[in-house]
Amino acid sequence: MTASKPRALLALNWKMNKTPSEAGAWAKSLQEEMPPTDVELAILAPAVALPLVAAELYGSGAAFGAQDVSAHASGAYTGEISAAMLADVGATYVIVGHSERREYHGETDEVVAAKARAALTAGLRPIVCVGERLPEREAGRHVTYTLDQLRASLTGVSFTDPTTLVIAYEPVWAIGTGRTATSADAEEMAAAIRGVLAELYPDAAGSVRVLYGGSVKPDNVREIMDGPNVNGALVGGASLQLGSVLGMLAALA
Ligand code: 13P
């Protein structure tokens, strides 16, 4: 199923950090310092910063995108940003169903699936996030819980090009805590996720990228991506400093 490993993706989730000016300056520095790499780099910036990030990143080879998207195509949804708007500024990726949106904004699996469908319809690549909390992990129910969440979050999601779908396994207990899953934990879940993908998309499962997220940094990124089913990382805290992003790229070189 994983005969040829898909191209690795290092996705940077800045969360609610960096003003547009700060984001633009960061992107400019990256553009100047971006090393040759086989790894695909994607910056998931606050939506308001995307036009500046787009302008400054130009020519670097790095992709960019957003951290959320509306489930609706257009219309009377005050405050929402549509997938078509993100595509229009040149975004490639969008995170959907991050645990922080599930927890603080009440996003259900149904909403997450609708957002993933909206993203794909507009030509964006959704990064669909799933992962258990500490109680499920401690009860040994982490795999069942995460796979149920995955199936529900992919309801009605279809695509022609399997590289357009990305799944991120982010155990909630490892986000921003410094407590990283082991590479064995990440591989266990990534393999289980790929099993579900094989049920849902028999011809495509090997090409969908499965990322791990949760306290990834230069010191552990290589090890965490070691497993045959782990195709990249979704990085929060360690994505804010350019030096640490360059450190992760160097670790993966
Ligand atoms: P940290 O890397 O800060 O743990 O955040 C992970 C995350 O939530 C990425 O989406």
Side-chain angles (χ1 to χ4, degrees), residues 8-18 22-23 26 39-47 49-50 53 62-69 86 91-105 107 109 111-112 115-116 119 124-134 136-137 142 145-146 149-150 153 165-183 185-186 189-190 193 209-226 230-249 251-252:
L9 174 63
L10 190 63
L12 312 180
N13 178 8
W14 282 351
K15 308 192 180 184
M16 199 172 71
N17 293 292
K18 299 193 191 296
E22 289 165 350
W26 195 103
V39 174
E40 183 179 7
L41 190 68
I43 299 167
L44 292 325
L50 291 178
V53 167
F64 64 91
Q67 302 166 11
D68 182 35
V69 65
L86 297 176
T92 301
Y93 291 95
V94 63
I95 299 174
V96 298
H98 192 279
S99 59
E100 286 150 17
R101 294 214 57 90
R102 291 177 185 265
E103 184 177 350
Y104 307 137
H105 301 273
E107 286 191 10
D109 294 334
V111 169
V112 174
K115 290 184 171 196
L124 297 175
R125 302 173 171 199
I127 301 174
V128 179
C129 299
V130 292
E132 82 284 358
R133 296 160 305 171
L134 198 53
E136 290 90 35
R137 167 70 56 172
H142 51 288
Y145 177 92
T146 301
Q149 199 183 42
L150 177 69
S153 301
L165 179 66
V166 180
I167 308 298
Y169 166 55
E170 296 207 307
V172 177
W173 49 267
I175 296 178
T177 58
R179 195 177 155 190
T180 322
T182 63
S183 56
D185 292 334
M189 193 67 80
I193 287 172
R209 283 171 296 179
V210 179
L211 315 184
Y212 166 81
S215 299
V216 174
K217 46 187 189 283
D219 288 352
N220 61 20
V221 67
R222 193 185 173 100
E223 194 193 338
I224 206 84
M225 282 171 55
D226 222 29
V230 182
N231 311 121
L234 181 55
V235 187
S239 74
L240 295 171
Q241 301 296 328
L242 182 60
S244 99
V245 172
L246 296 175
M248 287 186 279
L249 289 174
L252 294 172

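Just follow the structure's listing: the first ligand is 1, and inside any ligand the first atom is 1. From a predicted model like this one, the values you see are computed outputs, not experimental measurements.
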- Message: Consider side-chain contact (heavy atoms from CB on, under 4.5 Å). Of V230, V221, V235, D185, which one does Y212 pass it with?
- Response: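 With Y212 as partner, V230, V221, V235, D185 yield a single side-chain contact (heavy atoms from CB on, under 4.5 Å), made by V230.
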- Message: With nothing but distance in play, are any N or O atoms of T177 less than 3.5 Å from an N or O of ligand 1?
- Response: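 The answer is no, given that T177 and ligand 1 share no N or O pair closer than 3.5 Å.
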- Item | Within-cut-off N or O pair, G236 and ligand 1, under 3.5 Å |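 Looking only at distances, the answer is yes, because the N/O contact criterion of under 3.5 Å is met.
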Examine distances only and state if a side-chain atom of [X] and a backbone atom of [Y] form a donor-acceptor pair shorter than 3.5 Å.
| X | Y | value |
| --- | --- | --- |
| S153 | V112 | no |
| R125 | Y93 | no |
| N231 | V210 | yes |
| R102 | C129 | yes |

Which residue and non-hydrogen atom of the protein lie closest to [atom], and at what distance in Å?
| atom | value |
| --- | --- |
| atom 5 (O) of ligand 1 | K15 NZ, 3.3 Å |
| atom 7 (C) of ligand 1 | E170 OE2, 3.2 Å |
| atom 3 (O) of ligand 1 | G237 N, 2.8 Å |

- Tell me which part of I175 gets within contact of ligand 1: side chain, backbone, both or neither, using heavy atoms under 4.0 Å.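 I175 to ligand 1: contacts from backbone and side chain alike.
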- Message: Please confirm whether G176 approaches ligand 1 to less than 4.0 Å, judged on its heavy atoms.
- Response: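 True for this residue.
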- Message: Looking at ligand 1, is there an atom of it that comes within less than 4.0 Å of some heavy atom belonging to G214?
- Response: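 The answer is yes: ligand 1 sits under 4.0 Å from a heavy atom of G214.
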- Query: Can we say E40 and R209 salt-bridge, meaning some charged N sits less than 4.0 Å from an Asp/Glu carboxylate O?
  - Reply: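 A salt bridge is present here (some side-chain N lies under 4.0 Å from a carboxylate O).
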Can you list the atoms of ligand 1 that are under 4.0 Å from a heavy atom of [X]?
| X | value |
| --- | --- |
| S215 | 1 (P), 2 (O), 4 (O) |
| A174 | 4 (O) |
| L234 | 9 (C), 10 (O) |

- With a 4.5 Å limit on heavy-atom distance, are the side chains of E136 and Q149 in contact?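 A side-chain contact is absent here, since even the closest heavy-atom pair is not under 4.5 Å.
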- Side chains of Q67 and W14, donor plus acceptor under 3.5 Å: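 Result is no, nothing qualifies.
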